[in-house]
Every structure is written in C-alpha cells, then in structure tokens.
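Okay, so here's the structure we're looking at.
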Amino acid sequence: MVRSGAFGSFISLSTREPHRGARISPLGVSRALPYIRGMDHTLDRRSFVCLTACAVLFSSLSRAGEAEEPPAAFGPVPASEITEADELFLRRPVIVFADSPNDPNFIRQMEILPTLYAQLALRDVVLITDTDPANPSEIRKKLRPRGFSLVMMDKDWRSPIRRPSPRAAREIINTIDKMPIARTEALEKNPAGR
C-alpha cells in the first residue's frame, strides 16, 4: 500500500490497513498499539536496544558463573607426585630441594613463598618440594642438587636457573618473568609492549 505524508510517498510493509489507533512512522512501518491497556507509550528503539544488551550481558554472566570451576588451591607439591611429561609446556616448575625438611634454608624459603602464591598461580607455576635424598625422585635424579637448592625452569623444563640460598619474593618473580616463554606470553597478552 502506498501512502503519502509529510515526508513524501512511502510503501507500507503490511498489506493490511493499520489499526485505527496505530501510528505510522516515516519509514512506513506501523507502530503497534500498546499491548497493555493503560500503557500510553510504546517501546522505542533506544529502550529496546538497551534492554536487549542488558539481557545478553546478564545471560552471559550467569553462564560464566556456572561454567567456571573454583581454582584449585595453590601450594607446594611433593616431587614424588609430579612427572615432567605431565607438566611439560603446561606449567613452569619452581623446585625447592633440601636434604631435610628441617634445613634452615628450606624453612626460610618456605616462609617466603606463601606470599607469592597468587602471583605464582597467575604465571602457571607448579611449586615442587623435595626433601628426601634417600629416595630420589625423577626430578632429583635429573637435576642432582647438593644440599639446599632453589631451581626455576621455564615451561619447556630446560635451562634450570639454580640458586644455592633462599631468595626474596621479588627476585623469584623477576626471574620467572625474564624466562623466554614467559616473555612471549606477556607479549601475546599485551602486544603494545613490543
């Protein structure tokens, strides 16, 4: 149906005659009457877009909350429970070796590390402890530490960085951040840092 109005001629999208109280927009689309009696206005485009965006946001937030599992508690793992093949290219090891759990250097390092748990978890670190040289683990056989040793490696489990004494939290984090794979990951997350 062709109509003419203040904005010129236009074609109505419906073939039926609009309802007596309906208004015709300049684009030829008739606006429906309010579906609830007593409602004096219809939903305009801006309100509709806003409501749709809110509904999409709410549904995505509710799905995200259901899908995520709570993160596992971060903490030291005994070396006997870890194998290199399972962790290769997934997590970077920070290993604390000692000849005894009563070694003062071991105790001091283990007092420093809990302050770093959140930062280590963000950097995909697995914290490994080995205090039993009588029953050597696979990792102890590979790295052959003598006495206390703090060993840090990248996700490829190569090029260990060895420290013969306990290290401060800042030094451990800086050492991890300088590793090649860690630097590549940082550039992928923030390409503007190139």
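Starting from 1, each residue takes its place in the sequence as its number. Keep in mind the model is a prediction, meaning the values are calculated, not measured.
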Kindly determine whether Ile173 and Arg123 satisfy side-chain contact (heavy atoms from CB on, under 4.5 Å), including the steps that lead there. CA-CA 9 Å; Ile173 294 299; Arg123 289 167 173 81; 3.5 Å; yes

List the steps, then state whether side-chain contact (heavy atoms from CB on, under 4.5 Å) holds for Val96 with Val151. CA-CA 6 Å; Val96 183; Val151 180; over 6 Å; no

Start with the C-alpha distance between Ile107 and Met110, add both sets of side-chain angles, then the distance that settles side-chain contact (heavy atoms from CB on, under 4.5 Å), and finish with yes or no. CA-CA 5 Å; Ile107 293 170; Met110 295 309 290; 6.0 Å; no

Trace of the salt bridge (charged side-chain N to carboxylate O under 4.0 Å, His left out) decision for Lys155 with Glu185: CA-CA 11 Å; Lys155 287 184 177 182; Glu185 290 172 351; 2.7 Å; yes

Run the side-chain contact (heavy atoms from CB on, under 4.5 Å) check on Leu127 and Val77 step by step: do they pass? CA-CA 6 Å; Leu127 179 60; Val77 179; over 6 Å; no

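Salt-bridge check for Arg163 with Glu171: passed, with a basic side-chain N closer than 4.0 Å to an acidic carboxylate O. Salt bridge absent: Arg183 and Glu188 never bring a charged side-chain N and a carboxylate O closer than 4.0 Å.
Using a distance-only test at 3.5 Å, with no hydrogens or angles considered, no donor-acceptor pair links the side chain of Glu84 to the main chain of Ile139.
From Leu187, atom CG reaches atom OG1 of Thr184 across 6.5 Å, with rounding to the nearest 0.5 Å. Put simply, OG1 on Thr129 and CD on Glu81 are 9.0 Å apart, with the number rounded to the nearest 0.5 Å. Atom CD1 of Ile181 is separated from atom CG of Asp154 by 4.0 Å, given to the nearest 0.5 angstrom.
The two residues Pro133 and Ala98 make their nearest non-hydrogen contact at CD-O, 4.2 Å. Residue Asp130 comes nearest to Arg140 through the heavy atom pair O-NH2, 3.1 Å, listed as atom of the first residue, atom of the second, then distance. Taking every heavy atom of both residues into account, Arg91 and Trp157 meet most closely at O-NE1, 3.3 Å. Summarising the geometry of Pro166 relative to Asn105, their closest heavy-atom pair is CG-O, 3.4 Å, with the distance given to 0.1 Å. The shortest non-hydrogen separation linking Arg162 to Ser149 is CB-OG, 4.5 Å. Here the closest non-hydrogen pair linking Ser80 and Ser137 is N-CB, 4.4 Å.
Taking hydrophobic clusters as Ile, Leu, Val, Met, Phe, Trp and Tyr residues chained together by side-chain heavy-atom distances below 4.5 Å, Ile176 shares a cluster with Leu113. Under a hydrophobic clustering in which Ile, Leu, Val, Met, Phe, Trp and Tyr are joined whenever their side-chain heavy atoms come within less than 4.5 Å, directly or via other members, Met152 and Phe148 fall into the same cluster. Both Leu143 and Leu88 sit in one connected hydrophobic cluster of ILVMFWY residues. Membership requires side-chain heavy atoms under 4.5 Å apart, directly or through other members. Hydrophobic clustering, with ILVMFWY side chains joined whenever heavy atoms are under 4.5 angstrom apart, keeps Ile172 apart from Ile128. At a threshold of 4.5 Å between side-chain heavy atoms, the hydrophobic network of Ile, Leu, Val, Met, Phe, Trp and Tyr places Leu116 and Val125 in one connected group.
For the residue pair Asp103/Ser100, the side-chain donor-acceptor check at 3.5 Å is not satisfied. Side chain to side chain, Asn174 and Asp177 fail the donor-acceptor criterion of an N or O pair below 3.5 Å.
By the 6.0 Å contact criterion, NZ on Lys178 is open, its count of non-hydrogen atoms from other residues, nucleotides or ligands being 12 or less.
Note on residues 104-141: pairs passing ring-ring contact (aromatic ring centres under 6.0 Å, His included), not counting sequence neighbours, are Phe74-Tyr117.
The side-chain contact (heavy atoms from CB on, under 4.5 Å) with Val126 is formed by just one residue from the set Ile95, Leu90, Ile82; it is Ile82.
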